[in-house]
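Below is one structure, written out as structure tokens; comments come after it.
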Amino acid sequence: NGQKKWITGGHRADFFTCAVRTGDPGFGGISLLLIPSSSPGITIRKMETQFDNTNGTAFVTLEDVRVPEENLIGDEGMGFMYLMYNFNHER
């Protein structure tokens, strides 16, 4: 369960890539999941912004969303490392 605010294009997304806690505290307990935006329990609300409403900025709420095991991206517990690898690539 959780919320994410300021998702550009969130109301047009077919999927969300989410970092979720699947294990113990610390970076080793984070995994990545690919979650269909049409999943039961997901609410997407378009947010009005001060300057530009064309990007479809959204507020996403996830409540008791069930995700199939095959939607795990990579290995369980490696999500934080995958995110850091991607951030390093982006810079």
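By convention here, the first residue in the shown sequence is residue 1.
Nearest heavy-atom pair across Ile42 and Pro36 is CD1-O, 3.4 Å. Here the closest heavy-atom approach between residue Gly10 and residue Ala58 is recorded as CA-CB, 3.8 Å.
Other residues, nucleotides and ligands contribute at most 12 non-hydrogen atoms within 6.0 Å of the CE atom of Met81.
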Worksheet item: Under the side-chain contact (heavy atoms from CB on, under 4.5 Å) criterion, do Glu63 and Thr61 qualify, and how do the steps go?
Response: CA-CA 7 Å; Glu63 271 190 54; Thr61 303; 4.2 Å; yes

Worksheet item: Given Ile30 and Arg21, is the side-chain contact (heavy atoms from CB on, under 4.5 Å) satisfied, shown in steps?
Response: CA-CA 5 Å; Ile30 303 292; Arg21 170 109 9 233; 3.6 Å; yes

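His11 places a side-chain N or O within 3.5 Å of a backbone atom of Gly56 that can act as its donor or acceptor partner. Without hydrogens or angle criteria, Tyr82 side chain to Asp75 main chain gives a donor-acceptor distance under 3.5 Å. Between the side chain of Asn71 and the backbone N or O of Ile35 there is no donor-acceptor pair closer than 3.5 Å. Of the possible donor and acceptor atoms, one in the side chain of Ser37 sits under 3.5 Å from a partner among the backbone N and O of Ala13. When atom types are taken as modelled, the side chain of Arg66 and the backbone of Ser39 share no donor-acceptor pair closer than 3.5 angstrom.
Under the side chain to side chain donor-acceptor pair (under 3.5 Å) criterion, Asp24 pairs with no residue, sequence neighbours left out. Not a single ring-ring contact (aromatic ring centres under 6.0 Å, His included) links Phe15 to another residue, sequence neighbours left out. With sequence neighbours excluded, the residues satisfying side chain to side chain donor-acceptor pair (under 3.5 Å) with Thr22 are Ser31.
Interatomic distance, Leu32 CG to Met78 CE, rounded to the nearest 0.5 Å: 10.0 Å. Taken from CD in Glu70 to CG in Leu33, the straight-line distance is 11.0 Å, to the nearest 0.5 Å. Rounded to the nearest 0.5 angstrom, Ile44 CD1 and Phe16 CZ are separated by 4.0 Å. If you take CD on Gln3 and CG on Leu62, they are separated by 9.0 Å, rounding to the nearest 0.5 Å. One finds the SG atom of Cys18 at 9.0 Å from the CD1 atom of Ile73 (value rounded to the nearest 0.5 Å). Distance check: Arg45 CZ to Met47 CE gives 6.5 Å after rounding to the nearest 0.5 Å.
Using a 4.5 Å cut-off between side-chain heavy atoms of Ile, Leu, Val, Met, Phe, Trp and Tyr, with links allowed through other members, Ile7 and Val20 fall into the same hydrophobic cluster. Leu34 and Phe80 fall within the same hydrophobic cluster, where Ile, Leu, Val, Met, Phe, Trp and Tyr residues are linked whenever their side-chain heavy atoms come under 4.5 Å apart, directly or through other members.
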